[in-house]
2 protein chains.
Amino acid sequence: MQGTAPRTRIQEKNTSAILEAALEVFSQAGFRGATLDQIAKAAGLSKPNLLYYFPSKEAIHVALLSELLDSWLDPLRALDPQGDPIDEIVGYVLRKLDMARDLPRESRLFANEIIQGAPRIHDYITGPLKRLVDEKADLIRDWQAEGRIAPVDPHHLIFSIWATTQHYADFDVQVRGILAPGQDARFPEAARFLEHMYRRALAPG
Amino acid sequence: MQGTAPRTRIQEKNTSAILEAALEVFSQAGFRGATLDQIAKAAGLSKPNLLYYFPSKEAIHVALLSELLDSWLDPLRALDPQGDPIDEIVGYVLRKLDMARDLPRESRLFANEIIQGAPRIHDYITGPLKRLVDEKADLIRDWQAEGRIAPVDPHHLIFSIWATTQHYADFDVQVRGILAPGQDARFPEAARFLEHMYRRALAPG
DNA sequence: AAAAAGTTTGACCATTTGGTCAGGATGACG
DNA sequence: CGTCATCCTGACCAAATGGTCAAACTTTTT
């Protein structure tokens, strides 16, 4: 009945249909641009029925964001202190690029939220996200101290990785519009470009 | 009276007050998230008075976008075929970064529009924007053929420049949240990082 | 100073939108 | 099969929102 764990099959089915529909709508229109009617229609339910499963529009949005944020950090977490520094970072870039390809709606949901001032996830940014980024920045500084990677600012390196990879999800319309028609290969091409760029930029010496 | 050129002082003053207010509101909330009341209040006018100067909310948005798109291409246009390839591209990066610092609302207005599917500027993307990008991609390919710059995909190079620079405007909240506190230096730091990255990535050989 | 042109507003309207509710339908289960 | 809990809906509501309009108020022009 609430945003917590579903208890019955019907709840299971409907809550996930709602979240799926809401992801579609919110990611495309932003929070205020989305309407309960759109979400209900996309989920194949009536509006009052939506509100039987979630107490409000806001609650749906929060549920969606919580689910997302939970897994958003995973690729960065996987940066391995034991691995080869440049391979690790390039691996991170390619993992993020895969996410942009496979989960573009999640990326746009996140982007919408942040562009509009991150009203609902400010604590996440200054809390868990900042902590993890700071930790990985330290790791990168360690690698730099050992001379295994060029001495660039770790935070801005991470920002650039986010920017370049998420760009292919968030600005997809623009990318396709400019690359058209043969844009089917844009992700492999982007991977090749980004791998080249980061290998070159980070090579020590 | 319409979105064309103002005729009187009062028109001059009020239309620019409206556009300034609308930029503030639209860039922060997106088209659907913005309300005429918010814009009117920010402009210091009554809502009916807004609609005396612009026929609709949509018209204000269009006027704003037209104004913006007109100047959006300038930095890329300035890529000089006569200059040193790497200096030219790094110069472009730094110019875009300056724009992200000085005109963040314009950047967010644009980003909001594209994330939400570019309903109002699709023709601009596949038209003038694509043309200019393709032209500059050819220039970059020429430089590559002369061996003066590394052979990376020119389109994806340009995308990465847009992504990394606009990130500092569009995702400002996130950048500040992670860098805090000493985030006042984020633009000079970003400039240093990006210049390093692109010089390294593009050096021939 | 009067007329004309331009500007502003309060009151109003239709539609959209998030949300409620009483009651009916449907399933789970002894 | 009966009953209890879960699920679903049509009708409804209040607030917000984009937009209209007649009338009043200013400014410019003659």
Side-chain angles (χ1 to χ4, degrees), chain A residues 1-65 112-113 116 119-120, chain B residues 1-65 112-113 116 119-120:
Chain A
M1 192 175 165
Q2 296 90 327
T4 58
R7 316 254 158 206
T8 74
R9 291 99 172 272
I10 297 182
Q11 262 171 55
E12 177 84 36
K13 194 189 60 165
N14 283 349
T15 52
S16 70
I18 291 170
L19 289 175
E20 160 67 26
L23 176 58
E24 188 71 31
V25 176
F26 279 134
S27 71
Q28 227 261 356
F31 181 74
R32 272 223 50 193
T35 72
L36 287 180
D37 285 300
Q38 287 173 62
I39 298 172
K41 191 179 170 189
L45 299 173
S46 68
K47 185 169 58 164
N49 205 8
L50 271 203
L51 293 164
Y52 172 73
Y53 290 101
F54 292 89
S56 67
K57 180 184 177 183
E58 174 99 24
I60 301 176
H61 195 248
V62 167
L64 216 46
L65 276 176
N112 261 310
E113 193 62 15
Q116 306 193 357
R120 281 165 264 269
Chain B
M1 194 176 166
Q2 294 89 327
T4 58
R7 316 253 158 206
T8 74
R9 291 97 174 275
I10 296 182
Q11 264 173 53
E12 177 83 36
K13 194 189 60 163
N14 283 349
T15 52
S16 71
I18 291 170
L19 289 175
E20 160 66 25
L23 175 58
E24 189 70 31
V25 175
F26 279 134
S27 71
Q28 229 261 355
F31 180 75
R32 272 224 50 194
T35 72
L36 286 179
D37 285 300
Q38 286 173 62
I39 298 171
K41 191 179 168 188
L45 298 172
S46 67
K47 185 169 57 165
N49 206 8
L50 270 202
L51 294 164
Y52 171 73
Y53 290 100
F54 291 90
S56 67
K57 181 184 177 183
E58 175 99 25
I60 301 176
H61 196 247
V62 167
L64 216 46
L65 276 177
N112 260 312
E113 193 63 15
Q116 306 194 358
R120 280 164 266 269

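Residue numbers begin at 1 in each chain, while the letters A, B, ... track the order of the sequences.
In this structure, A/Phe54 atom CZ and D/dC7 atom P are separated by 13 Å, rounded to whole Å. Distance B/Asp37 CG to C/dG10 P: 13 Å, rounded to the nearest Å. Regarding B/Asn14, its CG atom lies at a distance of 12 Å from the P atom of D/dT27, rounded to whole Å. Distance, A/Glu12 CD to C/dG27 C1': 17 Å, rounded to whole Å. Atom CG of B/Leu50 and atom P of C/dG10 are 14 Å apart (whole Å). In this structure, A/Ile39 atom CD1 and C/dG18 atom P are separated by 8 Å, rounded to whole Å. The CZ-P distance, from A/Phe26 to C/dG18, rounds to 9 Å in whole Å. Rounded to an integer number of Å, the gap from CG of B/Leu45 to C1' of C/dG6 is 15 Å.
Counting only heavy atoms from C-beta on, B/Leu51 has its side chain closest to D/dG19 among C/dG19, C/dT9, D/dG19. Taking only side-chain atoms of A/Lys47, from C-beta outward, the nucleotide of D/dG18, C/dG18, D/dC7 with the closest atom is C/dG18. Minimum atom distance to the side chain of B/Pro48 is reached by C/dG10, of the listed C/dC21, C/dT8, C/dG10. Looking at the side chain of A/Lys57, the nearest of the listed nucleotides C/dT20, D/dG18, C/dG19 is C/dG19. Of the candidates D/dG19, C/dT17, D/dC21, the closest approach to any side-chain atom of B/Leu36 belongs to D/dG19. Taking the side chain of B/Ser46 as heavy atoms from C-beta on, and the options C/dT9, C/dG19, D/dT17, the nearest nucleotide is C/dT9.
Listed by chain and number, the residues in a side-chain hydrogen bond (donor to acceptor under 3.5 Å, both in side chains) with A/Glu24 are A/Arg105 (sequence neighbours excluded).
Listed pair B/Asn49 / C/dG10 fails the phosphate criterion, with no side-chain N or O lying under 4.0 Å from OP1 or OP2. Using a 4.0 Å cut-off, some side-chain N or O of A/Thr8 falls inside it from OP1 or OP2 of D/dC7. Close to C/dT8, at under 4.0 Å from its OP1 or OP2, lies no side-chain N or O of B/Tyr52. Considering only side-chain N and O atoms, A/Arg32 lies under 4.0 angstrom from the phosphate OP1 or OP2 of D/dT17. For the OP1/OP2 pair of D/dT6 and a distance below 4.0 Å, the side-chain nitrogens and oxygens of A/Gln11 include no atom meeting the criterion.
In this structure, the side chains of B/Lys57 and B/Phe26 come closer than 4.5 Å at one or more pairs of heavy atoms. Between A/Phe54 and A/Leu19, some side-chain heavy-atom pair lies under the 4.5 Å cut-off.
For the atom pair B/Asn112 CG and B/Arg32 CZ, the distance stands at 13.5 Å (nearest 0.5 Å). Taken from CG in A/Leu36 to OG in A/Ser56, the straight-line distance is 8.5 Å, to the nearest 0.5 Å.
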| field | Verdict with supporting geometry, B/Gln116 and B/Phe31, side-chain contact (heavy atoms from CB on, under 4.5 Å) | value | CA-CA 10 Å; B/Gln116 306 194 358; B/Phe31 180 75; 5.7 Å; no
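Residue contacts for A/Ala34: at a heavy-atom cut-off of 4.0 Å it reaches the sugar-phosphate backbone alone, with no base atom in range.
With the nearest nucleotide of DNA chain C identified for both B/Lys13 and A/Gln38, B/Lys13 has the one nearer the 5' end. The nearest heavy atom of DNA chain C to A/Gly33 and to A/Ile10 marks one nucleotide each, and the one closer to the 5' end goes with A/Gly33.
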